[in-house]
Peer 1: 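Below you will find the structure I want to go over with you.
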Amino acid sequence: MNTITLPAPRPSAATRAPAPAQPRACFELPVPADGRAALARAWLWLGMAALVGSGLFSILLVASRTPGVNRWLPGTNFFHVALVAHVDLSVLVWFIALAGMLWTLNGTAPRPRAGWPALALAALGTAGMALAPFTGAGQAVMANYIPMLTGPLFVGGLLVFAAGTALLVGTALWQAPRPGPGFDGEGALRFALNAAAVATAVALFAFAWSFAVVPMSLAGKAYYEILFWGGGHALQFTWTLLMLAAWLWLASACGGTVPLSPRVAVLLFALALASVFVTPVAYLAYDVASVEHRALLTWAMRMGGGVSILPVGLAAVVAVAGRRGLPPAARPLRAALLASVLLFAAGGVIGIFIAGSNVRIPAHYHGCIVGVTLALMGLVCKLLPALGYAAPQGRLATSQPWVYGIGQLMHIVGLVWSGGYGVQRKVAGAEQVLRTPQEVAGMALMGAGGAVAIVGGLLFVVVVARAMRRGRTARAALAVAA
């Protein structure tokens with residue numbers, strides 16, 4: 001007799017066991033405790049030295065416009081000379097040094113021997129650029145992306161720094177971890193850092209191509225403007241990728257749940273990386289001095305960077321905005337993250353309304369660059385304990401990003417205000433020809449904001465120096481106890 005077996009009844013929705021919760025994506029990178037940490041600390045020291053030098057030149061900028069004081073400074077146009085050194089130290093050297101720190105931590109070699117010669121070249125080149133204003137600076141050329149001094153010490157220093165950067169990038173790509181079939185939060189950050197190294201390699205390729213084809217018979221300003229345009233655009237992808245990685249890293253370090261999966265984050269990083277390859281296309285398709293060449297590079301930067309920035313920024317802000325009861329060490333990280341997103345967003349919005357050549361252009365650029373700077377400042381505070389120092393905390397560490405960010409926001413609002421009245425860029429003093437009270441008020445707000453931002457930048461140096469000193473004291477105490 002055959003037996004009919006009935007299927008077991010399926011559990012109802014009320015009695016069915018809930019699906020296990022998916023673990024939240026943690027966008028953090030482990031810090032190795034081997035030779036990579038020592039090299040990363042050295043790159044951080046170079047970055048901090050660049051910020052200190054930049055701060056000193058910002059004080060000299062004020063002194064160069066102060067009657068009675070400016071006659072003690074070398075040269076007759078020290079304002080523009082100091083401005084060149086200030087910008088190159090605070091942007092080019094600071095960003096590359098922090099990239100060197102991150103690429104070193106991301107590398108696979110426990111003893112990255114090639115990283116030390118790269119650091120030595122970068123440090124030597126930085127010293128040359130910092131000393132050049134006092135030893136025959138030559139002419140100050142306010143070119144986009146990398147302003148120049150035509151004196152031999154500055155030019156030589158920049159070339160040595162470029163050689164160190166090339167060796168750094170080659171080492172970062174050679175020792176980059178290979179991506180696996182799946183991505184978690186750590187893998188997404190590694191992808192972003194690898195992509196930033198690739199973007200920097202493309203930028204170096206563009207600089208070399210321009211140097212080979214741009215005739216040196218051109219006048220100084222035109223020559224450097226064309227020389228640095230393509231590579232300068234490619235470097236913006238490097239800064240953007242580093243900033244996006246820092247945003248997600250800081251959001252996770254604050255304990256926030258980032259509403260963005262690692263796979264989507266990798267897709268956004270890949271979009272920014274893909275856009276950088278428009279650079280060689282522009283070089284192959286058009287002459288480097290043509291309008292089409294410049295327009296194609298500008299379009300690529302807007303498309304790749306702009307599309308990726310908005311979702312990553314929103315996800316980072318949502319992750320930390322509503323959190324309460326943060327531990328003391330996490331509060332400076334959240335402040336840096338929120339101030340970074342605010343300043344970068346302000347710079348991006350200003351960029352939409354640029355028309356003509358006025359001070360709205362540096363307002364846009366300042367907002368975006370300061371957004372990157374604040375993100376990297378927050379990442380330094382996050383990594384200090386892992387690198388053997390103390391964690392920055394307290395009111396000063398938490399307020400520093402806001403002091404710096406609000407000062408820079410005042411600075412760019414003043415520039416936008418003045419730009420609405422047609423005040424031209426890259427001029428100072430009587431050359432500005434301020435005709436109306438509104439123009440004077442706008443530039444006064446810009447100057448006041450710049451002063452507040454200088455204070456905020458110096459506060460960052462103080463915060464990091466205190467953390468480093470406390471870390472050394474604690475290590476010394478442990479050594480004595482042992």
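From a predicted model like this one, the values you see are computed outputs, not experimental measurements.
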Peer 1: Okay, side chain of Ser308, backbone of Leu268: is any donor-acceptor separation there less than 3.5 Å?
Peer 2: yes
Peer 1: Any idea which heavy atoms bring Ala346 and Leu409 closest together, and the distance?
Peer 2: CB-CD1, 4.0 Å
Peer 1: Where the side chain of Arg294 meets the backbone of Trp229, is there a donor-acceptor pair that is under 3.5 Å apart?
Peer 2: no
Peer 1: Is there a donor-acceptor pair closer than 3.5 Å between any side-chain N or O of Thr240 and the backbone N or O of Phe237?
Peer 2: no
Peer 1: Measure across Thr104 and Gly100 and return the closest heavy-atom pair with its distance rounded to 0.1 Å.
Peer 2: OG1-O, 2.6 Å
Peer 1: Is any side-chain heavy atom of Val463 less than 4.5 Å from a side-chain heavy atom of Met377?
Peer 2: no
Peer 1: Please evaluate residues Phe277 and Val198 with respect to the criterion side chain to side chain contact (heavy atoms under 4.5 Å, CB included), reporting the C-alpha separation (whole Å), side-chain torsions for both, the decisive distance (0.1 Å), and the verdict.
Peer 2: CA-CA 10 Å; Phe277 291 107; Val198 172; 3.8 Å; yes
Peer 1: Is the backbone N or O of Asn144 less than 3.5 Å from a side-chain atom of Glu225, with the two atoms forming a donor-acceptor pair by type?
Peer 2: yes
Peer 1: Okay, side chain of Trp103, backbone of Leu193: is any donor-acceptor separation there less than 3.5 Å?
Peer 2: yes
Peer 1: To the nearest 0.5 Å, tell me how far Phe95 CZ sits from Thr200 OG1.
Peer 2: 12.0 Å
Peer 1: Could you go through Asp88 and Val93, starting from their C-alpha distance and side-chain angles, then the distance that decides it, and tell me whether this counts as side chain to side chain contact (heavy atoms under 4.5 Å, CB included)?
Peer 2: CA-CA 6 Å; Asp88 286 336; Val93 178; 5.6 Å; no
Peer 1: Are Ile454 and Leu458 close enough that some pair of their side-chain heavy atoms sits under 4.5 Å apart?
Peer 2: yes
Peer 1: Of all heavy-atom pairs between Pro392 and Arg470, which one has the smallest distance, and what is that distance?
Peer 2: CA-NH2, 4.1 Å
Peer 1: Starting at CZ of Phe161, measure out to CZ of Phe154 and round the result to the nearest 0.5 Å.
Peer 2: 10.5 Å
Peer 1: Would you confirm whether Gln400, through its side chain, and Gly456, through its main-chain N or O, come within 3.5 Å as a donor-acceptor pair?
Peer 2: yes
Peer 1: Evaluate side chain to side chain donor-acceptor pair (under 3.5 Å) for His86 paired with Ser58, printing each intermediate quantity in order.
Peer 2: CA-CA 6 Å; His86 166 75; Ser58 66; 4.8 Å; no
Peer 1: Please answer whether the main-chain N or O of Ala234 pairs with a side-chain N or O of Thr279 as donor and acceptor at a distance below 3.5 Å.
Peer 2: no
Peer 1: Below 4.5 Å, heavy atoms only, C-beta onward: do Leu98 and Trp94 meet side chain to side chain?
Peer 2: yes
Peer 1: Which word best sums up how the rings of Tyr145 and His233 line up, parallel for under 30°, tilted for 30 to 60°, or perpendicular for over 60°?
Peer 2: perpendicular
Peer 1: CG of Leu124 to CE of Met129: how many Å apart, nearest 0.5 Å?
Peer 2: 10.0 Å
Peer 1: Restricting to pairs with a member in residues 378-399, which pass salt bridge (Lys or Arg N to Asp or Glu O under 4.0 Å), not counting sequence neighbours?
Peer 2: Glu28-Lys382
Peer 1: Quick one: pull up OG in Ser275 and CG in Leu297 and give me the separation to the nearest 0.5 Å.
Peer 2: 11.5 Å
Peer 1: What's the shortest heavy-atom distance between Leu384 and Ala467, and which atoms?
Peer 2: CD1-CB, 3.9 Å
Peer 1: Mind checking whether Val141 and Pro147 have side chains closer than 4.5 Å, heavy atoms only?
Peer 2: no
Peer 1: Do other residues, nucleotides or ligands put more than 12 heavy atoms under 6.0 Å from Arg466 CZ?
Peer 2: no
Peer 1: What are the two closest heavy atoms between Leu296 and Val278, and how far apart are they?
Peer 2: CG-CG1, 3.7 Å
Peer 1: Can you tell me how far CG of Leu51 sits from CZ of Phe460, rounded to the nearest 0.5 angstrom?
Peer 2: 6.5 Å
Peer 1: Looking at side-chain heavy atoms only, is the closest gap between Leu92 and Leu158 below 4.5 Å?
Peer 2: yes
Peer 1: Could you give me the CA-CA distance, side-chain angles and deciding distance for Val370 and Ile412, then say whether side chain to side chain contact (heavy atoms under 4.5 Å, CB included) is met?
Peer 2: CA-CA 10 Å; Val370 171; Ile412 65 176; over 6 Å; no
Peer 1: Atom OH of Tyr224 and atom CG of Leu149: how far apart are they, to the nearest 0.5 Å?
Peer 2: 9.5 Å
Peer 1: Under 3.5 Å, is there a donor-acceptor pair between the side chain of Ser340 and the main chain of Leu374?
Peer 2: no
Peer 1: Report yes if some heavy atom in the side chain of Phe207 is under 4.5 Å from a heavy atom in the side chain of Ile146; otherwise report no.
Peer 2: yes
Peer 1: Are the side chains of Gln175 and Pro112 in contact, using a 4.5 Å heavy-atom criterion?
Peer 2: yes
Peer 1: Let's go through Trp249 and Leu102 carefully: what are the C-alpha distance in whole Å and the side-chain angles of both, what is the deciding distance for side chain to side chain contact (heavy atoms under 4.5 Å, CB included) to 0.1 Å, and is it a yes or a no?
Peer 2: CA-CA 12 Å; Trp249 198 339; Leu102 296 173; 4.0 Å; yes
Peer 1: Using modelled atom types and a 3.5 Å cut-off, is there a donor and acceptor pairing between side-chain atoms of His80 and backbone atoms of Ala140?
Peer 2: no
Peer 1: Please examine the side chains of Asn194 and Leu273, heavy atoms only from C-beta on, and report whether any two atoms are closer than 4.5 Å.
Peer 2: no
Peer 1: In chain order, what residues pass the ring pair (Phe, Tyr, Trp, His ring centres under 6.0 Å) check against Tyr283, with sequence neighbours excluded?
Peer 2: Trp209, His293
Peer 1: Sub-3.5 Å donor-acceptor pair from the side chain of Arg334 to the main-chain atoms of Cys254, do we have one?
Peer 2: no
Peer 1: Taking only residues two or more places apart in sequence, or in another chain, which ones meet Arg36 in a salt bridge (Lys or Arg N to Asp or Glu O under 4.0 Å)?
Peer 2: Asp34
Peer 1: Nearest heavy-atom pair of Phe27 and Ala188: which atoms, and what distance?
Peer 2: CE2-CB, 3.9 Å
